**Q** 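Have a look at this one.
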Amino acid sequence: MMQRIITLLTDFSEKDGYPASMKGVILSINPNVKIVDITHEIPSHDIKEAAFVLKSTYNYFPRGTIHIAIVDPEVGSKRKPILVETENYYFICPDNGILSYVLLEEKIRKIIWINNKQYFLKKISNTFHGRDIFAPVGAYLSKGIKVEKFGKKINKIVKFNIKYPKEKNNYLIGDVIHIDKFGNIITNITREKFYAFTKNKEFEIKINRKIIRKISNSYKDVQKGELLAIFGSSEFLEISIREGNAFKLYGKPKILVKITSN
Amino acid sequence: MMQRIITLLTDFSEKDGYPASMKGVILSINPNVKIVDITHEIPSHDIKEAAFVLKSTYNYFPRGTIHIAIVDPEVGSKRKPILVETENYYFICPDNGILSYVLLEEKIRKIIWINNKQYFLKKISNTFHGRDIFAPVGAYLSKGIKVEKFGKKINKIVKFNIKYPKEKNNYLIGDVIHIDKFGNIITNITREKFYAFTKNKEFEIKINRKIIRKISNSYKDVQKGELLAIFGSSEFLEISIREGNAFKLYGKPKILVKITSN
Amino acid sequence: MMQRIITLLTDFSEKDGYPASMKGVILSINPNVKIVDITHEIPSHDIKEAAFVLKSTYNYFPRGTIHIAIVDPEVGSKRKPILVETENYYFICPDNGILSYVLLEEKIRKIIWINNKQYFLKKISNTFHGRDIFAPVGAYLSKGIKVEKFGKKINKIVKFNIKYPKEKNNYLIGDVIHIDKFGNIITNITREKFYAFTKNKEFEIKINRKIIRKISNSYKDVQKGELLAIFGSSEFLEISIREGNAFKLYGKPKILVKITSN
């Protein structure tokens with residue numbers, strides 16, 4: 001049988017050993033599973049960031065991968081732990097919107113409200129359901145336990161509102177949805193949306209007082225230290241500085257796109 | 001045969017590739033072992049921190065797991081490298097107190113002063129015994145080499161003094177033992193100790209000038225930004241701010257608990 | 001068959017999930033490979049740092065390990081993706097000098113300019129060849145695809161100039177090549193070079209205005225907080241402070257060695 005994969009995405013950081021406890025729990029239940037960290041460096045309590053990073057990564061994993069995603073500021077309260085089976089993956093997470101981006105792409109098959117304590121650790125803490133509930137449920141799922149066994153089928157799932165770019169006064173107005181490690185400013189304007197708006201005409205992209213008039217194909221299209229616009233690895237328009245940090249100079253600006261030719 | 005697990009806990013950080021060298025050494029000796037990072041983000045030279053994080057994580061791993069724990073400011077000196085077999089686990093570490101917390105819970109079977117160079121790398125550096133001694137010893141142990149083969153049985157092990165909460169002038173006085181990634185202030189007051197002192201009576205917990213009068217069961221019991229007291233994932237009393245960082249506001253205060261009713 | 005190892009060394013950091021996407025791609029192609037992170041914390045765009053960390057780690061891994069090393073400021077441009085087979089390892093990286101240190105030690109067998117799109121992801125982004133080209137090529141290589149299949153054999157490879165210590169006015173003058181996590185100042189003076197220069201005579205090592213007159217064998221040779229010189233884990237002369245941070249006090253100084261006896 002192929003080795004199952006469990007991924008972990010959290011805001012726990014590595015330093016206190018929280019992700020390691022989860023791994024210990026998982027391997028105690030299923031020693032044959034492969035665990036891959038997506039990241040544990042989501043800013044504390046930032047569900048939207050987690051949702052974005054999950055969206056950027058989950059579908060590079062093999063079908064059937066179990067994604068455990070935990071940013072859980074309401075741990076210990078009545079917010080539901082859920083298991084979502086989609087056409088291609090399994091997601092185990094608190095029901096707090098963390099799947100909002102993923103569910104734009106993935107078709108839900110089943111949502112289970114995880115409440116069968118048989119698959120939890122015996123002692124459930126108030127503050128660390130990652131270790132006590134989500135990890136063991138993921139591990140049992142990876143061993144072939146049926147989705148329905150973990151709890152009650154439900155029909156609803158929490159989602160947050162996703163901000164899309166808007167057209168207003170001849171402008172396409174985009175927002176920043178993510179800043180990456182390099183300081184690249186990732187906007188919510190997709191390549192598709194951009195070209196649907198600009199229609200092969202000349203355009204300008206305004207970031208604060210700076211104007212960019214072309215889309216680069218490589219950072220090397222501009223000089224070192226110069227600003228550019230490029231479609232990034234998730235097909236969103238990104239504002240970058242070649243070998244520099246655009247975020248440090250521009251923060252999280254509005255992105256204004258305007259057609260300049262006829 | 002079941003795949004053995006080796007965990008790594010160090011103050012090396014990832015950035016220079018030090019943990020990676022250890023992994024390379026381990027996999028060169030035993031390609032079938034499973035390596036799990038506990039953390040490499042222990043503050044440099046902080047043996048107590050390492051001891052605490054090890055204690056919080058080690059027993060979530062399957063019996064027989066080999067824990068390599070290295071915070072080793074005296075590397076290259078005469079401090080002993082040791083291998084400790086307890087009833088459930090193996091620990092490989094410098095003999096400097098790093099097992100002080102673990103040994104409150106785990107019963108020692110054998111302590112070996114590791115000195116059999118047969119199981120070291122051929123060339124031993126002065127500064128990186130993690131790579132040159134601890135990693136290969138862990139790898140050979142995971143292959144089934146008997147504990148006694150690695151060196152000389154000894155009877156003593158270095159431990160540091162653990163600070164316990166004290167009762168004084170009607171107060172239970174606790175200390176901070178750890179600050180986690182979220183800024184949660186983890187005290188040395190266990191749930192057991194707390195209730196043995198408060199005996200179901202009304203109480204107050206003083207942190208600097210702030211007073212908390214109840215134990216929360218979830219961060220959601222208070223408003224965002226509000227202070228709370230909760231028993232955390234290791235059963236210690238923790239002082240937290242809902243979706244905030246208690247450490248940033250309160251530092252490492254004394255924790256004073258007092259009974260207020262009769 | 002033995003499980004193949006793929007290592008990853010990048011400047012991506014973990015936070016955005018970039019290394020995780022690479023792992024997902026690799027495991028989708030070869031679920032049986034073992035992936036080991038060397039580090040993802042190389043400073044952005046710093047090819048020399050990457051080259052140094054790769055040199056410090058690569059040869060602790062088993063022969064046949066596939067090292068994927070990506071610091072790639074010119075991603076998307078015409079810089080070549082290459083696959084280098086040496087006598088002991090495989091390296092997959094942009095052709096930008098990242099192998100400069102490794103190739104002092106490893107003998108090249110073949111250099112392949114990777115251009116066979118059959119082994120790429122179907123959709124190649126402009127900004128993330130780690131995921132779209134390097135990861136899948138590594139995964140296919142780990143499955144046994146022949147090196148020649150990935151592209152065109154070439155004879156040249158980009159290298160940067162490595163700074164060696166110089167002798168001038170009776171001084172051996174060294175430079176800092178790396179600062180590690182502990183603030184250890186790692187110089188380019190090897191043990192061999194040092195003793196070839198000092199020839200068992202008395203010497204002094206000048207760092208700014210400080211003078212060190214001996215080589216320590218352990219940090220414990222000096223008092224806490226005191227400066228020392230020691231040969232580190234890669235056989236380079238290192239300037240350290242016992243349980244302190246030498247870099248914070250001394251920065252990246254010139255290192256001057258002088259013979260003081262006859």
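Owing to the predicted nature of the structure, the values given are computational and were not obtained by experimental measurement. Computed over heavy atoms, backbone and side chain alike; hydrogens, waters and symmetry mates excluded. Order of the sequence lines fixes the chain letters, A, B, ..., with proteins taken first and strands second; residue numbering starts at 1 for each chain.
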**Q** Check whether A/Pro136 gets within reach of chain B through its side chain, its backbone, both or neither, counting any heavy atom under 4.5 Å.
**A** neither

**Q** Take atom CD of B/Glu87 as the centre, draw a 6.0 Å sphere, and report whether it contains more than 12 heavy atoms from other residues, nucleotides or ligands.
**A** yes

**Q** By a 4.5 Å heavy-atom criterion (distance strictly below it), what part of A/Arg79 contacts chain B: side chain, backbone, both, or neither?
**A** neither

**Q** Can you tell which part of B/Ile179 gets under 4.5 Å to a heavy atom of chain A, answering side chain, backbone, both or neither?
**A** backbone

**Q** Work out which heavy atom in A/Val75 is nearest to a heavy atom in B/Ser218; give both atom names and the distance.
**A** O-OG, 3.5 Å

**Q** Check B/His178 against A/Asp16 and note the closest heavy-atom contact, atom names and distance.
**A** NE2-OD1, 2.6 Å

**Q** What part of B/Ile186 is in contact with chain A, defined as an atom under 4.5 angstrom from a non-hydrogen atom: side chain, backbone, both or neither?
**A** side chain

**Q** Are the side chain of A/Arg131 and the backbone of B/Ser233 linked by a donor-acceptor contact shorter than 3.5 Å?
**A** yes

**Q** So do B/Tyr219 and A/Thr127 actually touch side chain to side chain, heavy atoms under 4.5 Å?
**A** yes

**Q** Verify, without hydrogens or angle tests, whether A/Glu14 (side chain) and B/His40 (backbone) share a donor-acceptor contact under 3.5 angstrom.
**A** yes

**Q** In residues 18-29 of chain B, which residues are in contact with chain A at a heavy-atom separation under 4.5 Å?
**A** none

**Q** Could you tell me which portion of B/Ile38 (side chain, backbone, both or neither) has an atom closer than 4.5 angstrom to a non-hydrogen atom of chain A?
**A** both

**Q** Looking at side-chain heavy atoms only, is the closest gap between A/Asp11 and B/Lys181 below 4.5 Å?
**A** yes

**Q** Of all of B/Val36, B/Thr57, B/Asn217, which one pairs up most often with chain A through heavy atoms under 4.5 Å apart?
**A** B/Asn217

**Q** Does a sphere of radius 6.0 Å around CD in B/Glu202 hold more than 12 heavy atoms from other residues, nucleotides or ligands, not counting ones at 6.0 Å or beyond?
**A** no

**Q** Return the NZ to CD1 distance between A/Lys15 and B/Ile42, rounded to the nearest 0.5 Å.
**A** 8.0 Å

**Q** Going by residue number, which parts of residues 111-126 of chain A are within reach of chain B, meaning a heavy-atom gap below 4.5 Å?
**A** A/Leu121, A/Lys123, A/Ser125, A/Asn126

**Q** Do you know which two heavy atoms are closest between B/Lys34 and A/Pro31, and how far apart they sit?
**A** NZ-O, 3.4 Å

